[in-house]
Amino acid sequence: MAYWLMKSEPDEVSIDDVLAAPRQTVGWFGVRNYQARNFMRDGMRAGDLALFYHSSCAEPGIAGIVEIASGAYPDATQFDPASQYYDPKATLEQPRWIGVDVRAVRKTALLSLKRLRTIAALADMRLLAKGSRLSVMPVEPHEWRTIEALLEPLLEPLLEQ
DNA sequence: GCCAACGTTGGC
DNA sequence: GCCAACGTTGGC
C-alpha cells in the first residue's frame with residue numbers, strides 16, 4: 001500500500017465536503033498536470049491512503065485523511081466544453097486526464113504548513129520542497145508515520161489548555 | 001495583490 | 001530541440 005498527499009482548495013472541495021458527500025466519497029477530477037496524473041494513473045491503487053491538504057486558503061495544511069476508493073478512470077470534465085477543466089485536445093478514444101474516487105477516513109485538527117516546516121523528520125518532504133506545486137504527490141512511509149503521530153494528539157481539542 | 005517557481009506553448 | 005513568453009500555483 002502506498003501513501004499520498006492530495007491538495008484541494010477548501011473553497012472548492014474541503015474535507016467537510018468529502019464527509020458530507022454520499023458514502024463520504026467524491027470524484028477527484030480536474031488534475032491538469034502530467035506528473036500528478038502519472039502518479040494517479042501509475043502509482044495509486046484502491047486502498048491507498050492520502051493526506052488531504054487544504055491549499056490556497058487562510059491556513060494551509062493537512063485537514064484529514066482519505067482513502068483511494070477506485071482505480072483511475074477518465075476525467076469526464078475534459079470532454080465538457082462548459083467545464084473550466086475542458087481540454088480540446090482530449091478525445092473519448094484517447095483521454096488525456098484521469099481521476100480517482102476518494103473516501104473520507106477522518107477529519108483531523110489542522111496540521112498547518114507552518115508547523116510541518118518545523119519538523120526535522122519531514123525536512124525532505126516533497127510538499128515542503130522549494131517551489132513544489134504538485135497537487136498529487138507520494139508521501140514516504142516514515143513521513144506518513146511522523147505525521148500520523150502528530151495528528152493523533154491534535155484530535156484532543158483541550159489538550160493544550 | 002504580489003511574486004517566485006514551475007509548466008506549457010509555439011516560433012524558429 | 002531551444003528558449004522566450006506566457007500562464008498557473010500557492011504561500012505570504
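The analysis underlying the following values was restricted to heavy atoms, covering all of them including side chains, and did not include hydrogens, waters or symmetry mates. Every chain is numbered from 1, with letters handed out A, B, ... down the list of sequences. These figures come from a predicted structure and were not determined experimentally.
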Those residues at least two apart in sequence (or on a different chain) that pass side chain to side chain donor-acceptor pair (under 3.5 Å) with A/W28 are none
What is the distance from CE of A/M6 to P of C/dG10, rounded to the nearest Å? 13 Å
A/L128 CG to C/dG11 C1', straight-line distance once rounded to whole Å: 12 Å
A/L116 CG - C/dG11 P separation (whole Å): 11 Å
Is there any side chain to side chain donor-acceptor pair (under 3.5 Å) pair reaching into residues 127-142 of chain A, and which pairs are they, with sequence neighbours excluded? none
Ring pair (Phe, Tyr, Trp, His ring centres under 6.0 Å) pairs, two or more places apart, involving residues 98-127 of chain A: none
Between the protein and nucleotides 1-3 of chain C, which nitrogen or oxygen pairs are less than 3.5 angstrom apart?
none

If I take atom CD in residue A/E59 and atom P in nucleotide C/dG10, what distance separates them, rounded to the nearest angstrom? 17 Å
Examine the side chains of A/T77 and A/D80 and answer whether a donor and an acceptor come within less than 3.5 Å of each other. no
So the salt bridge (charged side-chain N to carboxylate O under 4.0 Å, His left out) pairs with at least one residue in residues 53-75 of chain A (sequence neighbours excluded) are A/R32-A/D75, A/E67-A/R103
Residues clustering with A/L92 (ILVMFWY side chains joined when closer than 4.5 Å, directly or via others): A/F79
Could you tell me the separation between the NZ atom of A/K114 and the P atom of C/dC12, rounded to a whole number of Å? 8 Å
Could you state the atom-to-atom distance from NZ of A/K7 to P of C/dT9 in whole Å? 10 Å
Do you know which of A/V139, A/L134, A/I68 makes side-chain contact (heavy atoms from CB on, under 4.5 Å) with A/M6? A/I68
Between C/dG10 atom P and A/L127 atom CG, what is the distance in whole Å? 10 Å
According to ring pair (Phe, Tyr, Trp, His ring centres under 6.0 Å), who are the partners of A/Y34, at least two apart in sequence or on a separate chain? A/W97
Can you measure A/L110 atom CG to C/dG11 atom C1' for me and round it to whole angstrom units? 14 Å
Taking only residues at least two apart or on different chains, which pairs with a member in residues 40-51 of chain A satisfy side chain to side chain donor-acceptor pair (under 3.5 Å)? A/W4-A/D48, A/N38-A/R41
Which atom pairs link the protein and nucleotides 4-8 of chain B when you take only N or O atoms and keep those under 3.5 Å?
| unit_1 | atom_1 | unit_2 | atom_2 | d |
| --- | --- | --- | --- | --- |
| B/dA5 | OP1 | A/K130 | NZ | 2.8 |
| B/dA5 | N3 | A/R133 | NH1 | 3.4 |
| B/dC6 | OP1 | A/K130 | O | 3.2 |
| B/dC6 | O2 | A/R133 | NH1 | 2.6 |
| B/dC6 | O2 | A/R133 | NH2 | 2.8 |
| B/dG7 | O4' | A/R133 | NH2 | 3.1 |

